[in-house]
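Chain naming here is simple, since letters A, B, ... match the order of the sequence lines and numbering starts at 1 in each.
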Protein chains: 2
Amino acid sequence: MVTTVTAPKPSAPPKKASFREKMHQAREDAIVSAVNRLLAERGFEGMTVDEVAAEVGVAKASLYKHFPSKEHLAAAAMVRILQRTLEHMATLPPQLPAHEKLKSVVRWAMQVHLAGEMPLLPTENSTLRSTLMAHGAYLDALVEVSDGLGTWIGEAQASGALNPTTPPIVVLYTLFARACDPVLGFMKAAGQHTTDEIVEWVLATCFNGLNTR
Amino acid sequence: MVTTVTAPKPSAPPKKASFREKMHQAREDAIVSAVNRLLAERGFEGMTVDEVAAEVGVAKASLYKHFPSKEHLAAAAMVRILQRTLEHMATLPPQLPAHEKLKSVVRWAMQVHLAGEMPLLPTENSTLRSTLMAHGAYLDALVEVSDGLGTWIGEAQASGALNPTTPPIVVLYTLFARACDPVLGFMKAAGQHTTDEIVEWVLATCFNGLNTR
DNA sequence: GTCTATACTAGGATAGAC
DNA sequence: GTCTATCCTAGTATAGAC
């Protein structure tokens, strides 16, 4: 075949390639957004791929051209929320005290939660767990968020703002857990308060505790 | 059929009736225990009726002689944990300060959680939710627990032990949520601390907050 | 890479004998 | 009221045309 004369594969025009790529990304973004919302509403087990397809307005088979399984769909949504978290963290002014940065992140996460966009934490022993634990992008993003928060936790404890006797890992896990706090949903369902009020009360409970100070 | 001579249905000997009844109750108790454990491990959607049957060591069809649906299996487990909560509440000495009673209940619930016996809260929009909302025994038990805790919350806020500016409903929901706090599972999975340490730290975080006091 | 149509399986529920 | 065997829907995933 060495002697065969074939035209060299023409490199596609950059403009067009970029356009196609953009469409592709936009479509995947729409998919991940839908997954994210359904994950927040129903959890991984409760969410069905049919629902995702319906919400995106695309055939189910098409989803599987983008992502190889339901677990990978969910993983993409988890990566996305972690990246959004990193983006929020990056917007915080460096001179802000560490404990204020932490508060801001939790406040932001609670607002995301109340907006119905915070995926529920996967239960242990879930098929999702093992996929996530083998998912490089997810682990990377998780480590990056944890490291960032961990640094601030150290600073806030050193400054005396956060209780230094609490093990930092307890603080870190508590912050993650508060982002998914069911209290937010309960209060919203009770329907007696604005989302801002709910966020401030739950946030205050988190940092100040239930006891009188 | 009025003229038909039939022996009057002999009332079963109390001893034997009681025995049969006891066997029945013991079987149902075993079922509910298994459901409770699997609900804690996998959540409602993640739990399968096959697993329940396997764990009890009984045929799946037999389960449906006791409970009409998967939802009702779960509801029975929810009722049971609420009743266990009421039992624990009843053991507390009346002269104990209200805020200590509340702490004791949360501590107990966390221990139950770490023992793998705390059913996960049902996600909103679940088929389980609607069954629970139509389940008299569940609602009764829920109201009874809520009323009991609500009374203590009022007392603890009046005494100044709990922050009186926090809406009581926030306190109540927070206590329920802490019983299912994923932080407990995270810390346990991290495997660096005893369950007693975990409980005390999470409990302290709940009542004292993350901030330095 | 999108669609329609379908394969395949898991899982909730039931039939019917004992 | 327990069992075995089965029904049947829902839901993940894929085939194959365009």
Side-chain angles (χ1 to χ4, degrees), chain A residues 12 16-32 34-35 38-39 41-77 122-123 125-132 135, chain B residues 12 16-32 34-35 38-39 41-77 122-123 125-132 135:
Chain A
K16 200 145 192 186
S18 162
F19 177 75
R20 294 177 79 89
E21 182 61 22
K22 267 194 183 136
M23 291 306 293
H24 183 85
Q25 280 299 23
R27 173 59 58 94
E28 292 214 340
D29 225 61
I31 295 172
V32 174
V35 171
L38 286 165
L39 232 35
E41 186 178 321
R42 304 205 194 280
F44 179 71
E45 274 82 23
M47 175 186 88
T48 74
V49 179
D50 289 272
E51 281 174 326
V52 177
E55 177 144 337
V56 180
V58 79
K60 191 163 48 164
S62 301
L63 296 182
Y64 282 94
K65 297 285 182 178
H66 291 269
F67 301 94
S69 71
K70 183 186 176 186
E71 282 76 14
H72 285 81
L73 276 172
T123 68
N125 285 1
S126 152
T127 68
L128 178 54
R129 287 290 281 206
S130 36
T131 298
L132 288 177
H135 195 290
Chain B
K16 201 146 193 187
S18 162
F19 177 74
R20 294 176 80 89
E21 183 61 22
K22 268 194 183 134
M23 291 305 293
H24 183 84
Q25 280 299 25
R27 173 57 59 94
E28 293 214 339
D29 225 60
I31 294 172
V32 174
V35 171
L38 287 165
L39 232 37
E41 187 178 320
R42 304 206 195 280
F44 178 70
E45 272 81 25
M47 175 186 88
T48 73
V49 178
D50 290 272
E51 281 175 327
V52 176
E55 175 143 340
V56 180
V58 80
K60 190 163 52 163
S62 300
L63 295 182
Y64 283 93
K65 297 286 183 180
H66 291 268
F67 301 94
S69 72
K70 184 187 177 186
E71 281 76 12
H72 284 82
L73 276 172
T123 69
N125 285 1
S126 151
T127 67
L128 178 54
R129 286 289 282 207
S130 37
T131 299
L132 288 177
H135 195 291

Practice prompt. From the options C:dG11, C:dC3, D:dG1, select the nucleotide whose nearest atom is closest to the side chain of B:Asp50.
Written response: C:dG11
Worksheet, complete the sentence: In whole angstroms, the gap separating P of D:dG1 from CE of B:Met23 amounts to 11 Å
Worksheet item: Any donor-acceptor pair under 3.5 Å joining the side chain of B:Lys60 to the base of C:dG12?
Response: yes
Worksheet item: Which nucleotide in the set D:dT4, D:dT2, C:dG12 lies at the smallest distance from any side-chain heavy atom of B:Ala61?
Response: D:dT4
Worksheet item: When you measure from the side chain of A:Thr48, which nucleotide among D:dT4, D:dG11, C:dT4 comes out closest?
Response: D:dG11
Worksheet item: Does D:dC3 have OP1 or OP2 sitting under 4.0 Å from an N or O in the side chain of B:Ser62?
Response: yes
Fill in: Separation of A:His135 NE2 from A:Leu128 CG (nearest 0.5 Å)
10.0 Å
Worksheet entry | Interatomic distance, A:His66 NE2 vs D:dT14 C1' [rounded to whole Å] | 16 Å
Worksheet, complete the sentence: Atom NZ of A:Lys70 and atom P of D:dT14 are separated, to the nearest Å, by 15 Å
Practice prompt. Just compare C:dT2, D:dG1, C:dC3 and give me whichever is closest to any side-chain atom of B:Lys65.
Written response: D:dG1
Discussion item. So, does A:Arg20 get its side chain near the phosphate of C:dG1, meaning an N or O under 4.0 Å from OP1 or OP2?
Written reply: no
Item to complete: Calculate the interatomic distance between B:Glu45 atom CD and D:dG11 atom C1'; express it in whole Å.
Response: 14 Å
Discussion item. Whether the side chain of B:Thr48 engages the backbone of B:Glu51 through a donor-acceptor N/O pair (distance < 3.5 Å, no angle test) should be reported.
Written reply: yes
Worksheet item: Does A:Tyr64 make a side-chain N or O approach to OP1 or OP2 of D:dT14 shorter than 4.0 Å?
Response: no
Worksheet item: Any idea which of D:dA13, C:dC3, C:dG12 is nearest the A:Glu71 side chain?
Response: D:dA13
Item to complete: Give the rounded distance in Å between these two atoms: CG of A:Leu63 and C1' of C:dC3.
Response: 12 Å
Worksheet item: How far apart are the closest heavy atoms of B:Thr123 and B:Ser126, and which atoms are they?
Response: O-CB, 3.1 Å
Worksheet item: At what distance, to the nearest 0.5 angstrom, does CG of B:Asn125 lie from OG of B:Ser130?
Response: 9.5 Å
Worksheet item: Rounded to whole angstroms, how far apart are CG on B:Leu73 and C1' on C:dG11?
Response: 14 Å
Worksheet, complete the sentence: Heavy atoms of A:Glu71 and A:Phe44 approach each other most closely as OE2-CZ, 3.5 Å
Worksheet item: D:dA13 P sits how many Å from A:Glu51 CD, rounded?
Response: 15 Å
Discussion item. Between C1' on C:dT2 and CD on A:Glu28, what's the gap in Å once rounded to a whole number?
Written reply: 14 Å
Discussion item. Nearest to the B:Val49 side chain among C:dG12, D:dC3, C:dT4, which nucleotide is it?
Written reply: C:dG12
Discussion item. Taking any heavy-atom pair under 4.0 Å as a contact, classify A:Met47: base, sugar-phosphate, or nothing.
Written reply: sugar-phosphate
